[in-house]
Engineer: 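Please read through the structure below; I'll follow up with questions.
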Amino acid sequence: MIRDLEKILFTKEQIHHRIKEVANEISQDYSGGEVTLVTVLKGGVFFLTHLAQALKVPARLDFLGIASFSPGRALPGVVRISKDLDLDIQGRDVLVIEDIVDTGLTLRYLLSVLSARQPKSLFVCTFLDKATRRLVDIPIKYRCFEIPDRFVVGFGLDYDQRYRTLPCVGILKSKIYQKT
């Protein structure tokens, strides 16, 4: 699968080093408390796992599943929750863990849904930030890497359910995903 990459953006070592740095920031901010980490399945699981292991504060983990609201149409941000949280987040410090923030539309919707559940605090931590594609303002408190507007895979990010298990993040060759 590595040969399908045009370029490696971040190596396994760079990724783990940066996650530890971000985990230290989070641990400092939540010192003396507990944080509930919420991620969207499936891509965010890789980042969530490594981040949670690097934290120095207690953390509870929970998961959301999302699905396109209108499968036949390409409307970014129009989704429904297909797997809801198991935990009650009311009165808790919640940190949404994202694999990548792109347009921000889906994340805006998720933050609205979670905010209505009255957490004590609600912030976002993203592994990758593709800020050049942002359509809505999203308050990202923690980020590992900002990336260019390219199709990336690895470390949880996929194309057609492939490449998630790559230990690095790379730009996928366009011939792989472009239909000719």
Engineer: Taking side chain as C-beta onward, heavy atoms only, is I176 less than 4.5 Å from Y163?
Structural biologist: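 SC-SC contact between I176 and Y163 confirmed.
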
Engineer: Going through the checks in order, is the side chain to side chain contact (heavy atoms under 4.5 Å, CB included) test met by V153 and M1?
Structural biologist: CA-CA 10 Å; V153 293; M1 287 190 298; over 6 Å; no

Engineer: With a 4.5 Å cut-off on side-chain heavy-atom distances among I, L, V, M, F, W and Y, is there a chain of contacts connecting I100 to F145?
Structural biologist: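 Yes, because I100 and F145 connect within a single hydrophobic cluster, where side-chain heavy atoms sit under 4.5 Å apart.
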
Engineer: Assess the residue pair T36 and L95 against the criterion (side chain to side chain contact (heavy atoms under 4.5 Å, CB included)); give the C-alpha distance rounded to whole Å, side-chain angles, the decisive distance to 0.1 Å, and a yes or no.
Structural biologist: CA-CA 6 Å; T36 299; L95 189 56; over 6 Å; no

Engineer: Can any side-chain N or O of K42 pair as donor or acceptor with the backbone N or O of R164 at less than 3.5 Å?
Structural biologist: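 Here the side-chain-to-backbone pair does not exist.
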
Engineer: Could you tell me whether the side chain of V169 reaches within less than 4.5 Å of the side chain of I8, counting heavy atoms only?
Structural biologist: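 Side chain of I8 against side chain of V169, heavy atoms only: no contact under 4.5 Å found.
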
Engineer: Run the numbers on D88 and R117 for salt bridge (Lys or Arg N to Asp or Glu O under 4.0 Å), then give the verdict.
Structural biologist: CA-CA 8 Å; D88 179 6; R117 298 177 186 187; over 6 Å; no

Engineer: Going hydrophobic residue to hydrophobic residue with side-chain gaps under 4.5 angstrom, can you get from L9 over to I2?
Structural biologist: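 Cluster IDs for L9 and I2 differ.
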
Engineer: Return yes if some donor-acceptor pair links the side-chain N/O of T49 with the main-chain N/O of V45 below 3.5 Å, else return no.
Structural biologist: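 Side chain of T49 to backbone of V45: a pair is present.
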
Engineer: Taking side-chain hydrogen bond (donor to acceptor under 3.5 Å, both in side chains) as the definition, give me every residue that meets it alongside D137, ordered by chain and number, with sequence neighbours left out.
Structural biologist: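 Residues passing side-chain hydrogen bond (donor to acceptor under 3.5 Å, both in side chains) with D137: none at all.
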
Engineer: Any side-chain heavy atom of I97 within less than 4.5 Å of one from V38?
Structural biologist: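 No, every pair of side-chain atoms sits at 4.5 Å or beyond.
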
Engineer: Is there a path of hydrophobic side-chain contacts, each under 4.5 Å between heavy atoms of I/L/V/M/F/W/Y residues, joining I138 to L114?
Structural biologist: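 Linked within one cluster.
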
Engineer: CG of L172 to CG of L157: how many Å apart, nearest 0.5 Å?
Structural biologist: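 With rounding to 0.5 Å, CG (L172) is 11.0 Å from CG (L157).
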
Engineer: Going by atom types only, do D93 and S121 share a side-chain donor-acceptor pair under 3.5 Å?
Structural biologist: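 Side-chain D/A pair, D93 to S121: present.
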
Engineer: Got a sec, which residues hit ring pair (Phe, Tyr, Trp, His ring centres under 6.0 Å) with F46, two or more places apart in sequence or on another chain?
Structural biologist: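 F46 satisfies ring pair (Phe, Tyr, Trp, His ring centres under 6.0 Å) with no other residue.
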
Engineer: Show your reasoning for whether salt bridge (Lys or Arg N to Asp or Glu O under 4.0 Å) applies to K130 and E146.
Structural biologist: CA-CA 6 Å; K130 198 183 288 188; E146 190 161 333; over 6 Å; no

Engineer: Taking the side chain as every heavy atom from C-beta outward, state whether D4 and R162 have any atom pair closer than 4.5 Å.
Structural biologist: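 Answer yes - side chains close enough.
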
Engineer: Does NZ belonging to K120 count more than 12 external heavy atoms closer than 6.0 Å?
Structural biologist: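 Atom NZ in K120 is not crowded, with 12 or fewer foreign heavy atoms closer than 6.0 Å.
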
Engineer: Is a side-chain donor or acceptor of Q14 paired with a backbone partner of T11 at a separation under 3.5 angstrom?
Structural biologist: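 Confirmed, Q14 side chain pairs with T11 backbone.
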
Engineer: Please check: side-chain N/O of S27 versus main-chain N/O of A23, any donor-acceptor pairing under 3.5 Å?
Structural biologist: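 Present.
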
Engineer: Should L122 and V57 be regarded as members of a common hydrophobic cluster, given that ILVMFWY residues are connected when their side-chain heavy atoms come within less than 4.5 Å of each other, either directly or indirectly?
Structural biologist: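 In one cluster with L122: V57, no.
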
Engineer: Which distance, rounded to the nearest 0.5 Å, do you find between the CG of D29 and the SG of C125?
Structural biologist: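 Interatomic distance, D29 CG to C125 SG, rounded to 0.5 Å: 11.0 Å.
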
Engineer: Is there a donor-acceptor pair under 3.5 Å between the side chain of D62 and the backbone N or O of L87?
Structural biologist: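 Yes, because the side chain of D62 sits within donor-acceptor range (under 3.5 Å) of the backbone of L87.
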
Engineer: Apply the test side chain to side chain donor-acceptor pair (under 3.5 Å) to residues D160 and Y177: give CA-CA distance (whole Å), side-chain angles for both, the deciding distance (0.1 Å), then the verdict.
Structural biologist: CA-CA 9 Å; D160 198 25; Y177 61 87; over 6 Å; no

Engineer: Measuring only between side-chain heavy atoms, which start at C-beta, is V40 closer than 4.5 Å to L110?
Structural biologist: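 The answer is yes, as the side chains (C-beta and beyond) meet within the 4.5 Å cut-off.
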
Engineer: Which pair of heavy atoms, one from D99 and one from G43, lies closest together, and at what distance?
Structural biologist: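 Heavy-atom minimum between the residues: OD2-CA, 3.4 Å.
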
Engineer: Is there side-chain contact between E34 and R92, with at least one heavy-atom pair below 4.5 Å?
Structural biologist: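 In short, these two side chains touch, coming nearer than 4.5 Å.
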
Engineer: Given side chains that start at C-beta, do those of F47 and L128 come closer than 4.5 Å, heavy atoms only?
Structural biologist: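 F47 does not reach L128 side chain to side chain.
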
Engineer: Quick one: NZ on K173 to CZ on F151, what's the gap to the nearest 0.5 Å?
Structural biologist: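 That separation rounds to 15.0 Å.
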
Engineer: Could you tell me which residues satisfy side-chain hydrogen bond (donor to acceptor under 3.5 Å, both in side chains) with H16, sequence neighbours excluded, listed by chain and number?
Structural biologist: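 H16: no side-chain hydrogen bond (donor to acceptor under 3.5 Å, both in side chains) contacts found.
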
Engineer: What's the verdict on side chain to side chain contact (heavy atoms under 4.5 Å, CB included) for F63 and L85, showing C-alpha distance, side-chain angles and the deciding distance?
Structural biologist: CA-CA 6 Å; F63 304 90; L85 298 177; over 6 Å; no

Engineer: Check for a donor-acceptor pair, side chain of R18 on one end and backbone N or O of R143 on the other, with a separation under 3.5 Å.
Structural biologist: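 Between the backbone of R143 and the side chain of R18 there is a qualifying donor-acceptor contact (under 3.5 Å).
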
Engineer: Would a single hydrophobic cluster contain both I15 and L5, if residues Ile, Leu, Val, Met, Phe, Trp and Tyr are joined by side-chain heavy-atom contacts under 4.5 Å?
Structural biologist: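 No, L5 does not connect to I15 through the hydrophobic network.
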
Engineer: Any chance you could lay out the side chain to side chain contact (heavy atoms under 4.5 Å, CB included) test for L51 and I26, step after step, and finish with the verdict?
Structural biologist: CA-CA 10 Å; L51 181 71; I26 294 168; 4.0 Å; yes

Engineer: Please check if the number of heavy atoms outside K12 that lie under 6.0 Å from its NZ is greater than 12.
Structural biologist: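 Atom NZ in K12 is not packed in, count stays at 12 or less.
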
Engineer: Please tell me whether E21 and H17 have a donor and an acceptor in their side chains that are separated by less than 3.5 angstrom.
Structural biologist: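 Side chains of E21 and H17: pair found under 3.5 Å.
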
Engineer: With heavy-atom distances below 4.5 Å as the criterion, would you say the side chains of K141 and E25 are in contact?
Structural biologist: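 Heavy-atom side-chain distance check fails, nothing below 4.5 Å.
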
Engineer: How about CD on Q28, more than 12 heavy atoms from neighbouring residues, nucleotides or ligands closer than 6.0 Å, or not?
Structural biologist: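 No - once you tally the heavy atoms of other residues, nucleotides and ligands closer than 6.0 Å, there are 12 at most.
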
Engineer: For L135, is there any backbone N or O sitting under 3.5 Å from a side-chain donor or acceptor partner on T103?
Structural biologist: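 Side chain of T103 to backbone of L135: no pair is present.
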
Engineer: Please verify the inter-ring angle class for F155 with F127; under 30° counts as parallel, over 60° as perpendicular, anything in between as tilted.
Structural biologist: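 Rings of F155 and F127: tilted, 30 to 60°.
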
Engineer: Which atom pair, heavy atoms only, marks the closest approach of I66 to S82?
Structural biologist: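 So the two residues come closest at N-OG, 3.5 Å.
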
